[in-house]
Amino acid sequence: MNAAAPTSLCFHCQEPLAGSKLIARIGEQSQPVCCVGCQAVAEMIASSGLAEYYQRRTASSPRPEGVSQESWRAYVDPQIAGEFVRKLAREDEPREAVDLLIENLRCSACGWLIERTLHAIPNVAAVDVNAALGRAHVEWTAGTDRLEAVMSAIARLGYGPHPVTEETAARVYCNERRSMLKRFIVATFGMMQVMMFAVAGYSAELNGERIDPTLEHYFRLISMLVSIPVLFYAGKPFLMNAWNNIRTRSIGMDLSVSAALVLAFVASTWNTFVYRGEVYFDSITMFVFFLTLTRFIELSVRHRTNSVADALARHLPATAQRVAADGIETVPTRQLRIDELIIVPTGSAVPADGIIIEGATTLNEALLTGESLPVARASGDRVASGSINTGAPIRVRLTAVGASTMLSNIVALLRRAQTQKPLAIQTADRAAALFLRVVLAASVFVCAAWLVFDPSRAFAATLAVLVVACPCAFSIATPAALAASTAQLAREGVLVTKPDALETLSRVDRVIFDKTGTLPHGDIRLDTCATLGSRTDEDCRARAAALEQSSTHPIAAAFKDVPTRGFVAMNVVTVPGFGVEGTIDGERHRIGIDNFVAELRGAATDCPADPASGTTIVLGNEREALASFTLSDTLREDSRAAVDALRALRIDSEISSGDGSAVVAAVAERCGIATFFARRTPEQKLARVRELQAADSTVAMVGDGINDAPVLGAADVSIAMGRGAALAIAAADLILVGDRPAAIPGIIRTAQRTVRIARQNLVWSATYNFAALPLAAFGFISPWIAALGMSLSSLFVLMNALRLLPRSERRSSRTQPWTFSSYSYPSA
Amino acid sequence: MDILFVLIPLSLILVAGACWAFFWAVDAGQFEDLDSPGWDAIEEDQK
């Protein structure tokens, strides 16, 4: 295409040269460019071996405007970078990632160019550009600080990278929605006007009369005038897509639709001016109206997940009340830093994650867990940003701010899930493209055949074939269902992070619970305390309580009510899977499994653990072992209900735990689980998953997502659950916020319904397309019926997908906490 | 019937006006949030 381009246009940005004599060297050739910026970009693309881009692109490239490397320097600053960069926990290597919104990203070739360019940057591990959404997801090896390099590389290509913060994403969606609304209203008004004039002609025809020729011609002229904005403004997105398809010689959804629209418009205009034949202005406007209507609904359904994420983000108050040396000051939420003290007044949302240090209150955590009742939280408890303080004012010491809060991580996860295309949708897209080829070939054939037999009907029949056969419904069948259920699950506190997860989950026939942190830990109680060293029983308990005070591990809950008697643990570090270390009275203490504690003073082990006595943890310092604690956990009553519900779904449950056999057996018995394995190492758990898979089982693994990442990765579908910020970086397909095993049967049921509805949609739309095509070809369907049928089948598919949302949600979103956009916070 | 030659262009102008008004409303954010404003009054009462 570039070879044919007139030489008066810039090779890179395709804008007029305006007298520029600059030349860019592309391989052996010299190409004219309009400015130094374009020259630099074109030569950079060519010298990176990416000149192929110029053949691939379907839209002109952005012109680099005053790109200065200085403006990206700011992103070197760890504090600024920290606002956007997220850490990812992966089995093989830790990574950091950022989501970027890319301005001027116009076609998939742009995406290809950006991907290639970014891959050339050292340490960049993964790049995923979604040209449709104008977004990119970039990952790099942790600690290499690639944000600045990535951003400036994109900017050098002439695109505008913006790290995604909630505001920018919301603004983009808002603009998209606004322009859709405007197109829709133009189509609606236009359709009503044209229909009015058409009715005059039709009603005369019904009475066997003929409308006055002058008046008829006048009506046709007016209809044509009204159709122009309808077709070229309201219908512009379809026409543009079709045009891009023609230029790239690819086949897209809008090609047949646009061909029909343009053909009908040209023929009608011609007939208007030559005073004879049929006009199709009414069909054109009605078709555009239905197309914009379905696209608008489709956009709303697809953006439901997005709006959940935005609503989540919006829930943060803009300002917070910080406790300063000289009283309380109101500062922007962005300025909060870790370890600062803030006050959360009654009725206000918590601006960042932290630990309550003073006050007891009730918090509504519906935003994060989907649990609608407020929960009691007191001194020492963690609070998550976005929770609403429904009780008394509290003082909170911040533990995570900005992008590292749980809420931000959840929002980022939702976004990441959206930029990936599930396998099912890719397959449907390919099928639709194939079908379109058939349709286009068929329309040519139909046209030729009618010209031979009855030329007067050839045009109408061809139009009908083009319109009726558009596989629009087919291609939105799966995405609509997935979007609706993802949004619904997000409301219940379930985040789908891998797009294929729901499909796999619907086929699951075995759920393995990793005991620690999943099934039991309803309420862990401290049963006995045996002193091993020189300290008294009470003293040991108090030290243990001080150490566990800031820990989120379920075991820490056992020490919640134990008085700390003035002991304060400093420098507390949690070692996942082992225990907690901290300094009390200047002496290092550890609490946790025996080896971990013994290691502190260089010994092998502290006490011979009785394997049958449940969970035993040890407290020790650098000199001696102080005490051993026996813990028992009361099972949450809903665990049993969950297992029963799973059984009703014909899904077997089993426990695979690292704990002692007596404990596991007791838990299994109380849950009604027959199969259980105790004292399992991660390797053994992995082997068990593989064994089940070899026996044709589809395995879902439920774990805490951090300790058991390899096992979760091996399972067909993995569900991580728990509380705390660590959850959001968990490597799992689904993330269940809050520890509610009872939700799992519900998730599986939703997954099954999603797949069922997606399948219904596919079957319906395929049947419709294949049935309608021959009817239209034989001339049984007139163009307007074709337009109606196509639009109705799309609407049917969308409405079917909406069934995945609960009834109240379909009517009004008010009942859900997410959309309390007007939730009134008392002003500070 | 000749009146149609005046009335129809007039109606088109009215439609154009309606479109303009709608465009203004969209750009002014009147359609951003259709749920909350209706509830605001009730919420104030509860205070």
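- Within the 4.5 angstrom heavy-atom criterion, atoms from both the backbone and the side chain of A:Leu181 approach chain B.
- Taking a 6.0 Å sphere around CG of B:Asp2, one finds it holds 12 or fewer heavy atoms contributed by other residues, nucleotides or ligands.
- Between B:Phe5 and A:Leu215, the closest side-chain pair of non-hydrogen atoms falls below 4.5 Å.
- Residue contact with chain A, scored on non-hydrogen atoms closer than 4.5 Å, is absent for B:Ala25.
- Although no hydrogens or angles enter the test, the distance criterion places no donor-acceptor pair under 3.5 Å between the side chain of A:Arg178 and the main chain of B:Phe31.
- We find the CD1-CG distance between B:Ile8 and A:Leu225 to be 11.5 Å, quoted to the nearest 0.5 Å.
- Residues B:Leu4 and A:Tyr218 approach most closely at O-OH, 3.5 Å, considering heavy atoms.
- Here the side chains of A:Val186 and B:Phe22 are not in contact, with every heavy-atom distance at 4.5 Å or above.
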**OP:** Show your working on side chain to side chain contact (heavy atoms under 4.5 Å, CB included) between B:Cys19 and A:Lys182 and close with a plain yes or no.
**Re:** CA-CA 8 Å; B:Cys19 265; A:Lys182 289 187 197 165; over 6 Å; no
